[in-house]
Each structure stands twice: as C-alpha cells, then as structure tokens.
Asker: 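Dropping a structure here in structure tokens format, bear with me for questions.
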Amino acid sequence: MDRKPFSRRTGWLAAAAALLVVAVLVAVFIFSQSRAPQEGIVLPQEPVTEAPPIVTPEESQTDSFVQITPENVLPVLQETLDKPTAYHQSYTVSVGADDAQSQRSVELWVNWPLMHGEVSDKNRTKTVISDGETAYLWYNSDPNYITVPLTDSVEIWDLLGLPAHDYLAALADAEITDADYLVLEDPRVQCAYVCTQAGDVTWRYWVELDSGLLYMTDVLERSTQVYLVRQTYLELLAQEDESFSGRFQLPDGTRPFAAEEE
C-alpha cells in the first residue's frame, strides 16, 4: 500500500520530463528556423536567344537593395547608380526570330567620351570609333573609312546595333508596366529590372546595379522575342590603361581625336 503513491508520483515525473524534452526540441527548431538565412531569388542562366523569366515582385527579395517599383524605379536609378567612364565590355546580340535569326558580337572600349566598338558576325568585322560628335566607320575587308556626323537621329549606338546606354531617357519617355530587383545566376548579377510597353511591343531592361550599365535588354513583339542583347564580359579600367593604346585611330594611323586623348 505504501508503494502506490510513490509509483504514481514517479509516473507524473516521467511524463513531465518527456513534455519538457519535447518543448525544448520545439524551441530549438523554431529558433533554428528564425536564424536560417533567407535565400534570394536566383534565375537560371538562359541561352543567348532567350531572356531569363520575369520574377514577380512578390517572389523577389529586396533585403540587399531598396524595393523597386514602377513608380520609383526612375528616381532610384538616377540617385543610386554611377556609370563608369572607362571600361572594356562585350555583348552578344541576337536579331530576329526562328529561321530569320542572326547572331553577332559587339566589343567596346570606352574612355569617355571616346569609344571604340567592333561588331563581328561570321562574315566580317565592322569597327567604329567616336568622340560623341563624329564617328568613323570601316570594315576589316576594306581599309577605307567613312565619316558619320552624330545627331539626335543618328547615334553611335545605332552604328553599333545596341540600345542607347542612356536608358534613363528612354525609360522617362516610356510607359513602365513593371519594375523589380532581381538576382541572376551564373554569373551572379544584381539587377534592376524594368519593363515598358508600347502597343504590341515590349522592351525589357536588366540594369547591373554594381556598374550602372545595361546587362541585358530584349524586345518582344506580340510575346515573340525579336531582339536580345546580353553582356558577356565587363572590366572596369583606368583612363590611362594600356588597352586603350591605338584604339582611337583610323586604319592609316591618323588620330582624329588626339586632343581628347591628351
């Protein structure tokens, strides 16, 4: 008779100990989950003929950069990005769709305001040099060059087949339908994404936040991609870098921008 209270007490103590162990395990699990790092959105690398899928604002993570919306994307880009003045950059360019698609590469050496660009496809290479006011153009198969005065209707980017790098002006005049902060993978690039619409034509921009330069741009016509530009290389340089040596001269050795180089 004397052992029954003791046995009952022992059972209650065992149950209480079990509950305490469970409570501790639950607390440890909740604490570990609260400390787990939040994974940013990473998009798989796409082939040159396709742009990465758009990530909606609800899916993207903005903890490392201010939240970007269609309403604030212009002031955010204007106030936070500072483009480099000297760099070496390469792009791949795809024009057209399906069987009518063509591919080329564009390589730039920029020492602002001077620029040397080479546009290459499987047949030939076109070289363009400019000081922002005048451009000289020639092909590797013909050393004779032509002179092109640059105006509002003819810009250096037209001669290179690239979208204007003054994307802020283009965005200011466009209807912005979507904007967000995205992270692309392989290579990992933090971008401000902006989408504009004009009738059946959609322009999409991915602006690299580290450099302020266009990382990627594409154009959709009725949801079909007809134009894609994607950066493949970027190196920031000093204005005195040796890689600029001989870049701003004509095939005959003439240096039309000698004053700007000095």
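This is a predicted model, so every value here is computed, not measured.
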Asker: Working note: Met216 + Gln231, criterion side chain to side chain contact (heavy atoms under 4.5 Å, CB included); need CA distance, chi angles, decisive distance, verdict.
Answerer: CA-CA 6 Å; Met216 184 161 54; Gln231 177 183 288; over 6 Å; no
Asker: State plainly whether the residues Arg247 and Glu242 are in salt-bridge range, i.e. N to O under 4.0 Å.
Answerer: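 Not counted as a salt bridge, because no side-chain N and carboxylate O are separated by less than 4.0 Å.
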Asker: Would you name the heavy atoms of Leu150 and Ile156 that are closest together and state the gap between them?
Answerer: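 So the two residues come closest at CD2-N, 3.9 Å.
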Asker: Aromatic contact between Tyr215 and Trp206, with the criterion being ring centroids under 6.0 Å apart: yes or no?
Answerer: no
Asker: Just checking Asp98: does its CG atom have more than 12 heavy atoms from other residues, nucleotides or ligands closer to it than 6.0 angstrom?
Answerer: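 No, because the 6.0 Å sphere around CG of Asp98 holds 12 heavy atoms or fewer from other groups.
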Asker: Check whether Gln197 reaches the backbone of Gly199 with its side chain - one donor and one acceptor, N or O, closer than 3.5 Å.
Answerer: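 A pair under 3.5 Å: yes.
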Asker: Please check if the number of heavy atoms outside Glu133 that lie under 6.0 Å from its CD is greater than 12.
Answerer: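 Not more than 12 within 6.0 Å, no.
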Asker: Check side chain to side chain contact (heavy atoms under 4.5 Å, CB included) between Asp158 and all other residues, then give those that pass, not counting sequence neighbours.
Answerer: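 Result, side chain to side chain contact (heavy atoms under 4.5 Å, CB included) vs Asp158: Glu155.
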Asker: With distance as the sole test, does Asp241 use its side chain to make a donor-acceptor pair with the main-chain N or O of Ser243 at under 3.5 Å?
Answerer: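 Present.
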Asker: For the side chain of Lys126 and the backbone of Leu159, is there at least one donor-acceptor N/O pair under 3.5 Å apart?
Answerer: yes
Asker: Return the set of residues passing side chain to side chain contact (heavy atoms under 4.5 Å, CB included) with Glu175 (not counting sequence neighbours), or none when no residue passes.
Answerer: Thr177
Asker: Which heavy atom in Val207 sits nearest to a heavy atom in Leu214, and how many Å separate them?
Answerer: CG2-CD2, 3.9 Å
Asker: Can you name the nearest heavy-atom pair linking Asn72 to Thr69, along with the distance?
Answerer: OD1-N, 2.7 Å
Asker: Within the side chain of Thr254, is there an N or O that forms a donor-acceptor pair under 3.5 Å with the backbone of Pro256?
Answerer: no
Asker: In the hydrophobic clustering (ILVMFWY, side-chain contacts below 4.5 Å, transitive), which residues join Phe257, or is it alone?
Answerer: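 Trp109, Leu114, Ile129, Tyr136, Trp138, Tyr145, Leu237, Phe244, Phe248, Leu250, all in the cluster of Phe257.
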